[in-house]
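Before I ask anything, let me first share the structure, which is written out below as structure tokens.
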Protein chains: 2
Amino acid sequence: MKAKATLKQIAKELNVSVSTVSKALNDSPEISEQTKTRIKEYAKLKNYKPNVIGLNLKNRKTKTIGLIIPNILNSFFAKVFTGIEKVAEEKGYNVITCISNESLKKEISTLDMLSNGTIDGFILSVSEEAQKLHEFNHFKEIINEGTPIVMFDRIVDEVECDKVVVDDFDSAFNATQHLINIGCKKIALFSSIGNLSVGKLRAEGYLKALQNNNIAINTDLILRTDSEDALKAKAEILFDNHTIDGIFALEEDDSVLALRISLKRGYIIPENLSIIGFADGILASRRLSPSLTTVSQHGPEIGAAAAELLIERLESKENEYPYKTTVIKTELRLRESTKTL
Amino acid sequence: MKAKATLKQIAKELNVSVSTVSKALNDSPEISEQTKTRIKEYAKLKNYKPNVIGLNLKNRKTKTIGLIIPNILNSFFAKVFTGIEKVAEEKGYNVITCISNESLKKEISTLDMLSNGTIDGFILSVSEEAQKLHEFNHFKEIINEGTPIVMFDRIVDEVECDKVVVDDFDSAFNATQHLINIGCKKIALFSSIGNLSVGKLRAEGYLKALQNNNIAINTDLILRTDSEDALKAKAEILFDNHTIDGIFALEEDDSVLALRISLKRGYIIPENLSIIGFADGILASRRLSPSLTTVSQHGPEIGAAAAELLIERLESKENEYPYKTTVIKTELRLRESTKTL
DNA sequence: GTTTTTTTTGAAATCGATTGCTAGTTTCCA
DNA sequence: TGGAAACTAGCAATCGATTTCAAAAAAAAC
């Protein structure tokens, strides 16, 4: 194991000064061609790589993004991650990823840990606990200290920062409208994410579509819960007391639940029950039989947009840079779980 | 936006020297209690956090781990990631994650990008391309330069470093033996990962189990390919020409393919065909109908073990620290795709 | 051959923190 | 009151790089 080469070492071994070496390697016109090549060759020989820590200290930035994700096992977040990583790599940034596990405490401690020079800015999706408790001061503080934040998917209206969202309301509206178009009259709503901003927006889109079509809103059919288990319990009750012909599920897991439970109850899909669900990963929905019609969120695009917003802000010279919100469109992917027109 | 507090600022504002502030905040006995409290209170007021970059430079380490994963959308790797992140967090380390996308070039450039002081050590799973081309010099170079590497899952025998593996051979052997125990006679092997070290080991375990039970090896039943598409093509041919009663799939996607194609061919599962597959994520296999019997790899444990190996090495004072290999056991999870005894 | 100009190199400051050593002040005892 | 011991606080070096400015050397001009 050879020790890593530093400017100082090279300088000593070549009998020149540190600054000469630095300038030579940076192709400064101050240095003669002769010494430049001599130094460059020696540096290559020694496999010299400038130590970024020294550079970071000098430049007061690290070209590193802090990413806080509630849960990487959720394939939606995994997809967003790929988008972020791709853009970051292209622009020469690294990504430090932390999992909040939906915990407010972990979210705060992560923000704290990283906002000490380790990273230049954050990209994050708010933890469930923070949304539930309406606790957003930690974000404001970080922004006040001068570290920019970009929020995606689960955002907070009260916090002023860049944001990337899906058009949740419109997507839900369109999906519900599609169910209505293919003839569904009794459309249930399945949600295990009543706590989240996105869950609320999607539910509103569903309601609006019903209203627009003069369909009476039956609260028995609207299952808004905070957990998969609670949703399951409510669903059993729903199936005991009602016959339905459509389900709109607000999350991937909710749609899987809807599919399994309705198959168990003897429904034929899509003949007498159509299902549409929001999709995180596309794979899982496609694999099911019947495969699920989904509102597809373009995870990688969301991530890419977030990374671009952040890097743009980091690299802009201006201090007063207005906050932007990027909206990424969803796509209704028709598969086997819905009737065709 | 207030500028971040530095030692220098605080020193100036309190009319003391930088070193006094530093010592006071570090509770040095050199400083009187009086000044200590005065400085500490002011620092708290100003929300002072020591800038880690300065520290890193001084300490010549960053308490950051570089993680290189072939593909984060593969839920096995996502699970490993959670294990790494958890241990890292506990021990005060950050994780910079990069995706190699199975590309050798990206793998090399990532190693290069990060091994300049950004990270203290690597955890990685070798890209498919590197394994295919038998190109491992980049790992050796990095290790030679003094940056430790821990490999997990897809490892390279020729490279001396810490490793974390699953007992692939034994797991495959046991799974195949289980199929034999429940009465299977014609067991096909489905592999789309012929290129990978783990794919080879698993295939050997399968062969060994057949041999031990005096079952003639029929190469028509052994589908070793390098891609999902190739596997699918071969599988169609297999089903055209043979009747089988068992499938052992070497990867999660391969088992899903096995399940779908055999259902399509009219097999009743598990009555006349039993399937066992290696599982990355447990969720997807459980969701399928029928649910899949799997060889379950404990992803988080693998990640945790890798992080522990690396951190142990980083924090050991000794220079000659022997390389270790940790083996994590798998578990056969019996579900609906196999007959019961 | 001397002065001016140009070229080439190097010394020193800087980024933000730590730390060994030194200098200055106070206390205490003779 | 003088000197030693004890306590505080600050100077300066260090980590690895960049960069400004000054100095030295070489080339050009007179």
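Chain A is the first sequence line, chain B the second, and so forth, proteins listed ahead of strands; every chain is numbered from 1.
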**Asked** Expressed in angstrom and rounded to an integer, what is the separation of B:Leu25 atom CG from C:dA17 atom P?
**Response** 10 Å
**Message:** Can you measure B:Leu57 atom CG to C:dG16 atom P for me and round it to whole angstrom units?
**Reply:** 12 Å
**Asked** What is the ring orientation for B:Phe81 with A:Phe81, classed by angle as parallel under 30°, tilted 30 to 60°, or perpendicular over 60°?
**Response** tilted
**Prompt:** When every nucleotide of nucleotides 5-13 of chain D is labelled 5' to 3' by its protein contacts under 4.0 Å (heavy atoms), B for base, S for sugar-phosphate only, - for none, what sequence of letters results?
**Reply:** ---BBBBB-
**Message:** Do the side chains of A:Glu128 and A:Arg154 get close enough for a salt bridge, i.e. N-O under 4.0 angstrom?
**Reply:**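 No, no charged N to carboxylate O under 4.0 Å.
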**Prompt:** Within the structure, does a side-chain N or O atom of B:Ser22 lie under 4.0 Å from either OP1 or OP2 of C:dT18?
**Reply:** yes
**Prompt:** Once you round it to whole Å, what is the distance between C1' of D:dC15 and NZ of A:Lys4?
**Reply:** 14 Å
**Request:** For A:Lys61, answer base if it contacts any base atom (sugar-phosphate contacts may also be present), sugar-phosphate if it contacts only those atoms, and nothing otherwise; contact means non-hydrogen atoms under 4.0 Å.
**Result:** nothing
**Prompt:** Hey, is the side chain of B:Asn26 poking within less than 4.0 Å of OP1 or OP2 on C:dT18, counting only N and O atoms?
**Reply:**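 Result: yes.
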**Asked** A:Lys8 NZ to D:dA17 C1': how many Å, rounded?
**Response**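 Those two atoms, NZ and C1', are 11 Å apart.
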**Request:** Give the rounded distance in Å between these two atoms: CG of B:Asn116 and P of D:dA17.
**Result:**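 It works out to 10 Å between those atoms.
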**Asked** Taking CG from A:Asn51 and C1' from D:dT14, how many angstroms apart are they, rounded to a whole number?
**Response** 14 Å
**Request:** Verify the ring-centre separation between A:His134 and A:Phe136: is it less than 6.0 angstrom?
**Result:**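 So the answer is yes for these two rings.
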**Asked** Roughly, in whole Å, what's the span from CG in B:Asn56 to P in C:dC15?
**Response**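 Taking atom P of C:dC15 as the reference, CG of B:Asn56 is at 18 Å.
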**Asked** Less than 4.5 Å apart, any side-chain heavy atom of A:Asp153 and any of A:Phe76?
**Response** yes
**Asked** Ion pair present between B:Lys44 and B:Glu41, side-chain N to carboxylate O less than 4.0 angstrom?
**Response**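 Result for this pair is no, no salt bridge flagged.
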**Asked** Looking at A:Tyr48, does any N or O in its side chain come under 4.0 Å of the phosphate oxygens OP1/OP2 on D:dG16?
**Response**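 Checking D:dG16 against A:Tyr48, no side-chain N or O comes under 4.0 Å of OP1 or OP2.
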**Prompt:** Between D:dG16 atom P and B:Leu55 atom CG, what is the distance in whole Å?
**Reply:** 15 Å
**Prompt:** After noting the C-alpha distance and the side-chain angles of B:Val126 and B:Met151, does the key distance pass the side chain to side chain contact (heavy atoms under 4.5 Å, CB included) rule?
**Reply:** CA-CA 7 Å; B:Val126 181; B:Met151 293 187 177; 4.1 Å; yes
**Request:** Carefully, step by step, assess B:Glu308 and B:Lys91 under the rule side chain to side chain contact (heavy atoms under 4.5 Å, CB included).
**Result:** CA-CA 9 Å; B:Glu308 267 156 16; B:Lys91 312 230 167 176; 4.2 Å; yes
